[in-house]
There are 2 protein chains.
Amino acid sequence: MIVSTAWPDHALAALRDAGLRSGGARRAVVAHLARHDCCRSAQEIHDGVRAEGGTVGIASVYRVLDTLVALRLVQRVELGDGVARFEPSTSDGHHHHHVVCDGCGKVEPFSDNALEHALEGVAGRLGFAMDAHEVVVRGACDTCRA
Amino acid sequence: MIVSTAWPDHALAALRDAGLRSGGARRAVVAHLARHDCCRSAQEIHDGVRAEGGTVGIASVYRVLDTLVALRLVQRVELGDGVARFEPSTSDGHHHHHVVCDGCGKVEPFSDNALEHALEGVAGRLGFAMDAHEVVVRGACDTCRA
DNA sequence: ACCAAGACGAGAGTCGTTATCATCTCTCGC
DNA sequence: GCGAGAGATGATAACGACTCTCGTCTTGGT
Ligand SMILES: [Mn+2]
Ligand SMILES: [Mn+2]
Ligand SMILES: [Zn+2]
Ligand SMILES: [Zn+2]
């Protein structure tokens, strides 16, 4: 599933604007992320790129992801299983969070305005300038509950 | 800071009710957690117990924490730095989440009804029976922002 | 074409966590 | 109380995600 046809171009342009060079690993990781809008681990990205004939080192995957996260082009997602996952982050600040089924492991994205509003309220009340937040909801999906 | 003078007794009773035996490691970990209501890593618990003369293996600390989490007596907290933390979970379902300062690393707990309500709504809309959720707010505290 | 800075890949290393296994201890029936 | 057996513990090895190091290759500018 493609987030937006514009994302990879936007990401590559942002890398260039940040004074970084164009390199094979960066192009490959960005291209792969553009084909999956939700939750890919470094290993999955590594395997995916190599399955398409690319030759990327796992160290480069981590390095590229670090850079993309620092530039806010990618969001890091932690689902609690000890593996960090990554997904494209749209420039307009629009993003989603995740529900995980404890039974089958299914991951489903969601967006909720009331939730975002509540988080803004909390940060303000505590005197924090919020610049990110992570939310994971855990439970049983309707299939696993049956 | 002590969560509730009743927590350690409640936890030990719950372990007994679950058909588990009383052992030195379990008592030591429960006692340590009762003295800290927020965010202790396995290593911190291990060091803390040993500093008080106890002799607990790190493997036992992890095992006890696993058991306590399974019985919902302890909540696992992931702040995104690759280290799992643990804190007592009161039986009435009352709990808190965390704000982390990217500058100084300060961690502050908070509770928010609107947030909890929004999460219930999200889970319901997606057809999930929510049984847990994790929320981490990240930003700059007023000290680091100055 | 040349060069310096930067990007890359392979492999070693780190560290939190988990698995193994021999030893110890709690509990229960006697 | 005593003994037996199930369960708990701790030292250590193993594991896996991630990071560091370093030599080589590529990029972008002159
Ligand atoms: Mn959000
Ligand atoms: Mn909550
Ligand atoms: Zn399910
Ligand atoms: Zn701070």
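What you see is a predicted model; the values in this text were computed from it and never measured. Reminder, nothing fancy here: chain letters follow the sequence lines and each chain counts from 1.
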Compare all side-chain heavy atoms of [X] with those of [Y] and state whether any distance is below 4.5 angstrom.
| X | Y | value |
| --- | --- | --- |
| B:Asp142 | A:Leu126 | no |
| A:Glu120 | A:Glu116 | no |
| A:Val135 | A:Leu119 | yes |

Can you tell me how far [atom2] of [N] sits from [atom1] of [X], to the nearest Å?
| X | N | atom1 | atom2 | value |
| --- | --- | --- | --- | --- |
| A:Glu78 | D:dC18 | CD | C1' | 12 Å |
| B:Arg63 | C:dT25 | CZ | C1' | 14 Å |
| B:Tyr62 | D:dC15 | OH | C1' | 13 Å |
| B:Asp81 | C:dT17 | CG | C1' | 14 Å |
| B:Gln43 | C:dT18 | CD | C1' | 15 Å |
| B:Ile58 | D:dA11 | CD1 | C1' | 12 Å |

Subject >> Contact residues, residues 45-57 of chain B to DNA chain C [heavy atom, < 4.0 Å] >> reply: none

Subject >> Residues within residues 14-26 of chain A bordering DNA chain C, heavy-atom distance below 4.0 Å >> reply: A:Leu20, A:Arg21, A:Gly23, A:Gly24, A:Ala25, A:Arg26

**OP:** Go through A:Lys106 and A:Asp102 one step at a time and tell me if the salt bridge (Lys or Arg N to Asp or Glu O under 4.0 Å) criterion holds.
**Re:** CA-CA 8 Å; A:Lys106 183 170 69 178; A:Asp102 292 323; over 6 Å; no

**OP:** Output the single nucleotide from D:dA17, C:dC8, C:dA10 whose closest atom is nearest the side chain of A:Ser60.
**Re:** C:dC8

Original post:
Among A:Arg40, A:Arg85, A:Arg50, which one satisfies side-chain contact (heavy atoms from CB on, under 4.5 Å) with A:Ile45?
Top reply: A:Arg40

Original post:
Between B:Glu108 and B:His97, do the side chains contain an N or O donor and an N or O acceptor separated by less than 3.5 Å?
Top reply: no

**OP:** Examine the side chains of B:Arg138 and A:His133 and answer whether a donor and an acceptor come within less than 3.5 Å of each other.
**Re:** no

Original post:
Roughly how far, to the nearest 0.5 Å, is the CZ atom of A:Arg76 from the CG atom of A:Leu68?
Top reply: 11.0 Å

